[in-house]
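One structure, as structure tokens, below. Some questions next.
We name chains A, B, ... by the order of the sequence lines, and we start the count at 1 in each one.
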Protein chains: 2
Amino acid sequence: MPDAPYDRCAMTAAANQSGRRATASRRLERAGIRDVAAAAGVSITTVSDALNGKGRLPDETRSRVREVAERLGYRPSAAARTLRTGRSGLIGLTVTTYGEEPFTFTEFAYFAEMARAATSAALGRGYALVVLPASSRHDVWSNVALDGTVVIDPADQDPLVSELYRSGVPVVSDGKPGNCPVTAWVDNDHEAAVLEILDHLSEAGARRIGLLTGTSTDTYTRLSTEAYLAWCAHVGQEPVYEAYPAHDPAAGAVAADRLLARPDRPDAVYGLFDPNGTDLLAAARRYGLRVPDDLLLVCCSESDVYAGTEPPITTLSLKPRRIGTTVVNLLIDAIEGVDSGTGVDVSRLFQPRYRTAGSGPPPGTLMPTELIVRASSQRRSPRTTISAPRTPGEV
Amino acid sequence: MPDAPYDRCAMTAAANQSGRRATASRRLERAGIRDVAAAAGVSITTVSDALNGKGRLPDETRSRVREVAERLGYRPSAAARTLRTGRSGLIGLTVTTYGEEPFTFTEFAYFAEMARAATSAALGRGYALVVLPASSRHDVWSNVALDGTVVIDPADQDPLVSELYRSGVPVVSDGKPGNCPVTAWVDNDHEAAVLEILDHLSEAGARRIGLLTGTSTDTYTRLSTEAYLAWCAHVGQEPVYEAYPAHDPAAGAVAADRLLARPDRPDAVYGLFDPNGTDLLAAARRYGLRVPDDLLLVCCSESDVYAGTEPPITTLSLKPRRIGTTVVNLLIDAIEGVDSGTGVDVSRLFQPRYRTAGSGPPPGTLMPTELIVRASSQRRSPRTTISAPRTPGEV
DNA sequence: GGCCCTGGCAGAACCGTTTCTCCATGCTGC
DNA sequence: GCAGCATGGAGAAACGGTTCTGCCAGGGCC
């Protein structure tokens, strides 16, 4: 250990230190970087470099500083670091809110699973996730420094997304955006999924397939319903569907009942939402319909309770884990890729940031779904297809 | 509008502004408070005061500044504000992690609901929630400035809680802490809940009540099991229980099977975890046991699927919404109550902060649970319906 | 021997707020 | 006519890091 420079530095550091807090004897305060520098006999530059693995320092100094920092229980201030570097290590996750009750994001297993995967993926890359409501504009959003945001199912011309875009915060959306300046998006191939289900039900012998759908205008509901209608038009079946507000748990049972009470009662039903399987099963019982003999059933759900119902119900899984992981990784890629961190990067100063050069539509990824076939949708095996089989890629 | 002071101020502000960035022509940058001050012809002090409702300013100035800020799309930097005020508006929520898969917090509906309520309560008071894993010490925790933290079920001598305590971050725990310096805690009255269930089963005719419990040492499992054993000792029944790792979804079914395969097979079972109802029902079917005639069943669950099983199963609800709301409100009370914000408050410098003076055990709140009695635990008294007809509206 | 290069580090600017301090002005009461 | 006070607002010091710049010493090279 070289002694001469150590002594010199110690004096400088001590002077620096005493020059800072001339007033009170502040004991019990958290150790700052200056304290570490003083204790280690180096400058704060050296401490910062040593702790962050930067600069040109011999390993000896580096380890000594690290040891002193450890001994003092030094924790760098996240706020100061964020202020200087412009990076907080936080990414936002919007959740939709319905009416009075602020949150419905754990209502459906899809969101819960997706949020879990997103949280996990973010942490795996050193980021933490902040859950924020899609409404309530400046109130909360302005109070937290975000490096980027995952927006679930943005509306057309979503004001929140616009605001974030203006602020230069990258946004990746779960759900294909309508007309939003998002950096990227991820979604399931809802058209393909619905067509696969309808074909599957047809092959099982269904002649009139009904749909239990929602009244809201989110991408999922819209695309699925459109795909259903398109399929009906294609095979020449009259559409039979009932829509209800999906966020109201009681309304689903009523809608299921309505659907099966119709004069043109379907002999197969696909329910877009998680509880529809249970609701439809109960409704079928009430009307004395046997599943799958009198009624074929499929619903979209992430819950495995449908493996244990009587009969087990065929479900479509949207694979929310995969969505959550992908969406977060895309977002962090965008955050770390652009990196307007050091100073002003003049080259892209007058271009929209975080967009692919050329500014076409934002890049999107369609992820496949998974149909888990169970007893509720299997009736007559041979009784072949009514409609021509179609490839998943077809829209 | 007074003209003379406006002109004077404008000149000062312009000088101030130009004195700042002599170098580049930084267009497209987000407007800072200096820009607002320059545009409004006032000092940055005035802008800050006007926007934050502080200082002594005439309404005229206040509204003018506000309008200019609005026009410029000014958003204060959260990082700078946090650095200066020491408050980030963020509170942490720990989640437990099991083995490889980092997250199990939405595994049980309890945590999902609790987290949802906590998020909602925090947002209602102007805070945002950050989800962080209970493990992974400095990595992530140091990178985010937290005003306080909700810790779910801290371990005895929990290192994370100790660390947070040393950092002066208030901690409120969900689950009665063993030996942790938490500010406050909230928990269900697990003893009372278990005793209520056991009494309920006894009254329904149970002679030998079994328990399906967990192998982990968290408060919930421990207290519930202890209450069960105490009850057994009290009434003179030999304990009959099986324990399994609750985080393993497959193990539950096996344990349920084991419990019903025992030579001293119970005629009633209480399952501590959410999936136990389904598992026990399936196991009972396998052994030809009718519920509730041959086997009474209760399980702890927040899921409403048990209202629709055949037969419907009696559940104990821990009311996670109430827990989540309470725990967050207690935490924010602690954050805002102590408020060592302005400078060093010498009076409490040498006392442990965020504890009740006198430093006895931290204040805790026991919240009641709710037993939802359904067919599975009702056998002999009036020998009424096994499954009541239910209206479509009922969930 | 001058020069450049490189390693090792100190100094100081800077990030964008909040807030403490203090000054100028006009008015009141005596 | 002046002390005293309220009002309105400017100035500058923090907050606690990161990082750009630059100094100094030593060694290789011509």
* Asked: For the side chain of A/I33, counting heavy atoms from C-beta on, which of D/dG9, D/dT18, C/dG16 is nearest?
  ->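 Selected nucleotide: D/dT18.
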
* Nearest listed nucleotide, side chain of A/R34, among D/dT19, C/dA10, D/dG17 ->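 Selected nucleotide: D/dG17.
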
* Asked: For B/D49, which contact category applies under a 4.0 Å heavy-atom criterion: base, sugar-phosphate, or nothing?
  ->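 Answer is base: heavy atoms of B/D49 come under 4.0 Å of a base.
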
* Dump the intermediate steps for salt bridge (Lys or Arg N to Asp or Glu O under 4.0 Å) on B/R64 and B/E67, then the final yes or no. => CA-CA 5 Å; B/R64 181 163 49 89; B/E67 181 204 320; over 6 Å; no

* Quick one: list whatever passes side chain to side chain donor-acceptor pair (under 3.5 Å) with B/S88, sequence neighbours left out. =>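 Per chain and number, B/S88 pairs via side chain to side chain donor-acceptor pair (under 3.5 Å) with B/D147.
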
* **Check: B/R81 side chain, C/dT17 base, donor-acceptor under 3.5 Å** =>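 No.
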
* Does any N or O in the side chain of A/W185 come within less than 3.5 Å of the main-chain N or O of A/V171, such that one atom is a donor and the other an acceptor? ->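 Such a contact is absent between A/W185 side chain and A/V171 backbone.
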
* To do: Could you say whether A/R56 or A/S48 is positioned toward the 5' end of DNA chain D, judged by the nucleotide with the nearest heavy atom to each?
  =>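 Closer to the 5' end of DNA chain D: A/S48.
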
* Which whole-number value in Å describes the distance from A/R87 CZ to D/dT18 C1'? ->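 So the CZ-C1' distance, A/R87 to D/dT18, works out to 14 Å.
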
* **From D/dC15, C/dC9, D/dG16, nucleotide with atom closest to B/R84 side chain** =>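 Nearest to the side-chain atoms of B/R84, counting from C-beta on, is D/dC15.
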
Distance-only criterion, 3.5 Å: show the donor-acceptor pairs between side-chain atoms of residues 50-57 of chain A and protein atoms not counting sequence neighbours.
residue, atom, partner, partner atom, Å
A/N52, ND2, A/S48, O, 3.3

* Asked: Is there a side-chain polar atom (N or O) of B/S77 under 4.0 Å from OP1 or OP2 of C/dG16?
  ->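 For C/dG16, neither OP1 nor OP2 has a side-chain N or O of B/S77 closer than 4.0 Å.
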
* Asked: Quick one: does B/N143's side chain have a donor or acceptor within less than 3.5 Å of a partner on B/V140's backbone?
  ->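 Judged by distance alone, no pair lies under 3.5 Å.
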
* Closest nucleotide of DNA chain C for A/T46 versus for B/Y74: which of these residues is on the 5' side? ->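 Here A/T46 is the residue nearer the 5' end.
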
* Donor/acceptor link under 3.5 angstrom from B/T45 side chain onto base of D/dG11 ->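 Between D/dG11 and B/T45, which were checked side chain against base, a qualifying N/O pair under 3.5 Å is present.
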
* Asked: If only side-chain N and O atoms of B/K54 are considered, is one of them under 4.0 Å from the OP1 or OP2 phosphate oxygen of C/dT19?
  ->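 True: B/K54 side-chain N/O within range (under 4.0 Å) of C/dT19 OP1/OP2.
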
* Asked: If only atom types and distance count, is the side chain of A/T85 paired as donor or acceptor with the main-chain N or O of A/R87 below 3.5 Å?
  ->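 Side chain of A/T85 to backbone of A/R87: a pair is present.
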
* Out of D/dC15, D/dG17, D/dT18, which nucleotide sits closest to the side chain of B/L83? ->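 The listed nucleotide nearest to B/L83's side chain is D/dC15.
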
* **Nucleotide C/dC9, atom C1' - distance to CZ of A/R62 in whole Å** =>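 So the two atoms are 12 Å apart, to the nearest Å.
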
* Bend across the helix from C/dG1-D/dC30 to C/dC30-D/dG1, to 10°, with axes taken over 5 pairs at each end? ->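 Roughly 60° between the end axes, to the nearest 10°.
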
* Asked: Rounded to whole angstrom units, what separation is found between the CD1 atom of A/I44 and the P atom of C/dA10?
  ->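 So the two atoms are 10 Å apart, to the nearest Å.
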
* Sugar-phosphate, base or nothing in reach of B/T82, heavy atoms under 4.0 Å ->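 Contact class for B/T82: none.
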
* Just by distance, do the side chain of B/T94 and the backbone of B/L132 share a donor-acceptor pair under 3.5 Å? ->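 The answer is no, because no donor-acceptor pair under 3.5 Å joins these two groups.
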
* Between C/dG16, D/dG9, D/dT18, which one does the side chain of B/L57 approach most closely? ->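 Looking only at heavy atoms from C-beta outward on B/L57, the closest nucleotide is D/dG9.
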
* Asked: Which nucleotide sits closest to the side chain of A/P58: C/dT17, C/dG8, D/dG17?
  ->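 Within the option list, the nearest is C/dG8.
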
* Asked: Short question: side chain of B/S173, backbone of B/I152 - any donor-acceptor pair under 3.5 Å?
  ->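 The answer is no, because no donor-acceptor pair under 3.5 Å joins these two groups.
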
* Asked: Roughly how many Å is it from CZ in A/R75 to C1' in D/dC15, rounded to a whole number?
  ->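 Spelled out: CZ on A/R75 to C1' on D/dC15 is 20 Å.
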
